[in-house]
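The analysis underlying the following values was restricted to heavy atoms, covering all of them including side chains, and did not include hydrogens, waters or symmetry mates.
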Number of protein chains: 2
Amino acid sequence: MSVQRKGVPAVAPRFSDLAGDQPAWMDSILKGDCVAALERLPKNSVDLVFADPPYNLQLGGDLLRPDQSKVDACDDHWDQFASFEAYDAFTRAWLMAVRRVLKPDGGIWVIGSYHNIFRVGSILQDLGFWILNDVVWLKSNPMPNFRGKRFTNAHETLIWASPSKDAKYTFNYEALKTFNDDLQMRSDWHLPLCTGAERLKDAEGQKVHPTQKPESLLYRVLLSSSKPGDVVLDPFFGTGTTGAVAKKLGRHFVGVEREQAYIDAATARIAEVEPAAPASLSVTKGKRAAPRVPFGNLLEAGLLHPGATLTCPKGKFKASVRADGSLASGEHTGSIHKVGALLQGQDACNGWTYWHIEQNGAKVPIDALRQIFRLRRPAA
Amino acid sequence: MSVQRKGVPAVAPRFSDLAGDQPAWMDSILKGDCVAALERLPKNSVDLVFADPPYNLQLGGDLLRPDQSKVDACDDHWDQFASFEAYDAFTRAWLMAVRRVLKPDGGIWVIGSYHNIFRVGSILQDLGFWILNDVVWLKSNPMPNFRGKRFTNAHETLIWASPSKDAKYTFNYEALKTFNDDLQMRSDWHLPLCTGAERLKDAEGQKVHPTQKPESLLYRVLLSSSKPGDVVLDPFFGTGTTGAVAKKLGRHFVGVEREQAYIDAATARIAEVEPAAPASLSVTKGKRAAPRVPFGNLLEAGLLHPGATLTCPKGKFKASVRADGSLASGEHTGSIHKVGALLQGQDACNGWTYWHIEQNGAKVPIDALRQIFRLRRPAA
DNA sequence: TTTTGGAGTGAATCCCTCG
DNA sequence: TCGAGGGATTCACTCCAAA
């Protein structure tokens, strides 16, 4: 596949099926230096950042394979820094620029290797970002260590952070759990490198970008920590993996990139992406997203009657329902939660799952009645 | 097992079967602050350092499990620091003290989590240490994320470094390769937590140390980067896992520890260690069943797309695939297994064999896609 | 003697809305 | 802004008691 399309504008065409009026920078690639280009975005305009900054690889001479063929190392000039101080200054600058455009309840991901990730992590913390997780991308097919002098470097590290300690960041917990066969998603992600047809090649068959990330990685990043319609910024856009996956998943993107060749490749690539149907983008949500149902509503709706008797799971405690939706059990009165907690001598209790009622000879948690109520009266 | 042995001296008896004339500090535990105690060691006297410094966790209030029981947090005073600056100063001080006693061709390992490891890594680099690898310890049985607000924190990070860029460090490449079924040892190590009989308990059955590391981890560290007879320093000795494994593997140890209770426990523990031929590796080589493949992986890998339609064997039920790997069929949403069970009115259902997709005019169970996935990505 | 079920636990930066 | 209160939230493994 050739990506050398002459005359493609630096700003990719917006895809129109997502929204009506959009600022000019939406779903486009800004050409230029990261810090300068970000000044063209308004403050608090971005929901999520994914950044794959230069790794500051400090390679000595050429690396040879056992058969003496040369390893195609990442020795591009943009990856060279004179010192740790220079790299730190660069990192601080782009992180501060990103911070300005990131919403207070947004999120940021940065990927790196041991060459740079410790600098990035420290500076994130120094700037007041709050680390939520570090995630390790385990490569199922890493490059072996040809000289046998170290362990095979089989992973990279991602840092997920919010702009401040008390930010209300997005995390699609239930969706990720469903994704992972009903088990919590862990901080270790086993994914293959970007190879084969997914890897962009130029007319000569050479890879267009030395560190193109797999779409599977971005899929998981965007699915976990953004919502459909969100704006995702990638300040080191490269060949646009972030943009391609964002478009596929119904998110907006903004990219910043200095090299025209990468911009051309990314623009062509993203144009070919088919967005998923909006309906398939809705994602499993937990109980927290369901509308709150006051217990008293069950009485109003006739699903329960004043005077009904509730029991705890083991039948040890009983309580009777009062007309105002409170419970009475001996001396204790109060909400379903409070009475449950008091009887058990605990600080808290989820009354919906604790209290049961007998129906057709079986004990059913009152949460089942709540579900019936919600079905009868959707979006109450 | 009780480790409360009164009258045990702070300095453990040397074990005499390793060498003849030894300095007094060899195979002993130095009591006191790390920096001060290290002044008692000569310059260039240590071959390898393993350090498990405080992580500076910065925990908030109590954390309760879903069953309302309290998580036994690591809230010891030694893990409290006023600020990142204070933690950095502490880190710089002990690393400089360690650097003095470490031989120019020695090595150092430091373990940490995202709370502290970025500070440690940056300071290592600033002090001129040369990072050789970062290694991730993947926990097979981590503590879950009880509130569902983040990814399960399922790993810790180790940094392996030499004192300078051109150090001739020790790396037993062939030994590790043999250890690892004739494959290069990778930078991801899958090991269980320290639990069961290995975990030191006091007379009341409480764990002696909140963060005791598994011997399997130290086994791999010492096997890979030290030689028999080497001196291994652990400046945060705790209950002496480093010393126990060093003795087992025929290495000398020096520990530094402030708390007398830990010193007592470690001394008793190490006294019971039999220096043995390494035949006890079986714990780290758990047999590999067919790797579990979450349904979501098929989406990431592009074998299925959001919006695809699945059907049951008889074509009676249809469901559409959503971006998070859940299915939607009428009112029902959830995992492939859950939705299959709901539609059939059963308690359980194997979604892999139940759901089919049309390919080239034929209905194929999605299990076929899973097999393709496994072939493409062995040992995911 | 063997199997089954329940309780316990591990370095954790772990809620959110409303008045 | 703060406090009160509703109510949501767990995986792998070990040990011990019970069957």
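Taking 4.0 angstrom as the limit, B:Lys149 places none of its side-chain polar atoms (N or O) nearer than this to OP1 or OP2 of C:dA12. Distances shorter than 4.0 Å separate none of the side-chain N or O atoms of A:Lys168 from OP1 or OP2 on C:dC15.
Rounded to a whole Å, the CG atom of A:Asp166 is 12 Å from the P atom of C:dC15. Between the NE2 atom of A:His337 and the P atom of C:dC15 there is a distance of 18 Å, given to the nearest Å. Between A:Gln184 atom CD and C:dA12 atom P there is a gap of 13 Å when expressed in whole angstrom units. We find that CZ of A:Arg288 is positioned 6 Å from C1' of C:dC15, with the value rounded to whole Å. Remark: P of C:dC14 and NE2 of B:His115 are 8 Å apart, rounded to the nearest angstrom. Note: CG (B:Leu217) to P (C:dA11) measures 12 Å, nearest angstrom.
Residue A:Leu132 is out of contact with every strand shown, counting any heavy-atom pair closer than 4.0 Å. Residue B:Arg199 is in sugar-phosphate contact alone, with no base atom involved, counting any heavy-atom pair closer than 4.0 Å across all strands shown. Backbone-only engagement by B:Lys207 is indicated by non-hydrogen atom pairs under 4.0 Å involving sugar-phosphate atoms exclusively. Among the heavy atoms of the strands, none lies under 4.0 Å from B:Cys194. Here B:Ala197 lies in heavy-atom contact (under 4.0 Å) with sugar-phosphate atoms only. Within the 4.0 angstrom heavy-atom criterion, base atoms lie near B:Pro53. B:Asp52 comes within 4.0 angstrom of a nucleotide base, judged by non-hydrogen atoms across all strands.
B:Asp67 has no carboxylate O lying under 4.0 Å from a charged side-chain N of B:Arg65, or vice versa, which leaves the two without a salt bridge.
Taking a heavy-atom distance under 4.0 Å as the criterion, the stretch of DNA chain D touched by chain A extends 5' to 3' from D:dG6 to D:dA12.
The aromatic ring of B:Tyr114 does not stack onto the base of C:dT13, failing the criterion of a centre distance under 5.5 Å from the six-membered base ring together with planes under 30° apart.
Comparing C:dA12 with D:dG5, their P atoms are spaced 31 Å from each other, to the whole Å. Only the C1' atoms considered, C:dG6 is 16 Å distant from D:dT10, to the nearest whole Å. A gap of 25 Å separates the C1' atoms of D:dA4 and C:dT13, to the nearest Å. Rounded to whole Å, the C1' atom of D:dA8 lies 22 Å from the corresponding atom of C:dG8.
In this structure, B:Trp109 and B:Trp189 have tilted ring planes: the angle between them lies in the 30° to 60° band. Between A:Trp352 and A:Phe295, the ring-plane angle classifies as perpendicular under the 30° and 60° cut-offs.
Within residues 134-146 of chain B, the residues having any heavy atom closer than 4.0 Å to DNA chain D are, in order of number, B:Ser140, B:Asn141, B:Pro142, B:Pro144, B:Asn145, B:Phe146. Looking at residues 170-178 of chain A, you'll see A:Tyr173, A:Glu174, A:Lys177 sit with a heavy atom under 4.0 Å from some atom of DNA chain D. Proximity of residues 56-71 of chain B to DNA chain D (heavy atom under 4.0 angstrom from any strand atom) is restricted to B:Pro66, B:Gln68. Of the residues in residues 72-87 of chain B, those placing a heavy atom less than 4.0 Å from an atom of DNA chain C are B:Asp72, B:Ala73, B:Cys74, B:Trp78, B:Asp79, in numerical order.
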Could you pull out all donor-acceptor pairs under 3.5 Å where a side-chain atom in residues 330-337 of chain A meets a protein atom, sequence neighbours excluded?
{"from": "A:Ser335", "atom 1": "OG", "to": "A:His337", "atom 2": "N", "distance (Å)": "3.4"}
{"from": "A:Ser335", "atom 1": "OG", "to": "A:Lys338", "atom 2": "N", "distance (Å)": "3.0"}
{"from": "A:His337", "atom 1": "ND1", "to": "A:Gly351", "atom 2": "N", "distance (Å)": "2.9"}

Atom pairs and distances, side-chain donor-acceptor, residues 156-163 of chain A, under 3.5 Å, sequence neighbours left out:
{"from": "A:Glu156", "atom 1": "OE1", "to": "A:Tyr55", "atom 2": "OH", "distance (Å)": "2.5"}
{"from": "A:Glu156", "atom 1": "OE2", "to": "A:Lys139", "atom 2": "NZ", "distance (Å)": "2.8"}
{"from": "A:Ser162", "atom 1": "OG", "to": "A:Ser164", "atom 2": "O", "distance (Å)": "2.8"}

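A distance of 6.0 Å or more separates the ring centres of B:Trp78 and B:Phe236.
Classification of C:dT13 as syn follows from a glycosidic angle within 90° of 0.
Listed by first then second residue, pairs satisfying side-chain hydrogen bond (donor to acceptor under 3.5 Å, both in side chains) with a partner in residues 120-133 of chain A read A:Ser122-B:Ser122, A:Gln125-B:Arg119, A:Asp126-B:Arg119, not counting sequence neighbours.
Shown here are the side chain to side chain contact (heavy atoms under 4.5 Å, CB included) partners of A:Lys168, two or more places apart in sequence or in another chain: A:Asp105. B:Thr195 is linked by a side chain to side chain donor-acceptor pair (under 3.5 Å) to nothing, counting only residues two or more places apart in sequence or in another chain. By the side chain to side chain donor-acceptor pair (under 3.5 Å) test, B:Arg370 pairs with B:Asp367, sequence neighbours left out.
Comparing A:Asn133 and B:Gly205 against DNA chain C, the residue whose closest nucleotide sits nearer the 5' end is B:Gly205. Comparing A:Asp182 and B:Gly196 along DNA chain D, the residue whose closest nucleotide (by nearest heavy atom) sits nearer the 5' end is A:Asp182.
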Q: Applying side-chain contact (heavy atoms from CB on, under 4.5 Å), run through B:Asp52 and B:Thr211 and close with a yes or a no.
A: CA-CA 9 Å; B:Asp52 183 12; B:Thr211 70; 4.3 Å; yes
Q.
Dot-bracket for DNA chain C, please. Rules: Watson-Crick or G-U, both distances under 3.5 Å, ( ) within the strand, [ ] when a pair crosses earlier ones, | for another strand, . otherwise.
A. .|||||||||....|||||
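If you run side chain to side chain contact (heavy atoms under 4.5 Å, CB included) between B:Ile108 and each of B:Leu233, B:Ile131, B:Val98, only B:Val98 comes through.
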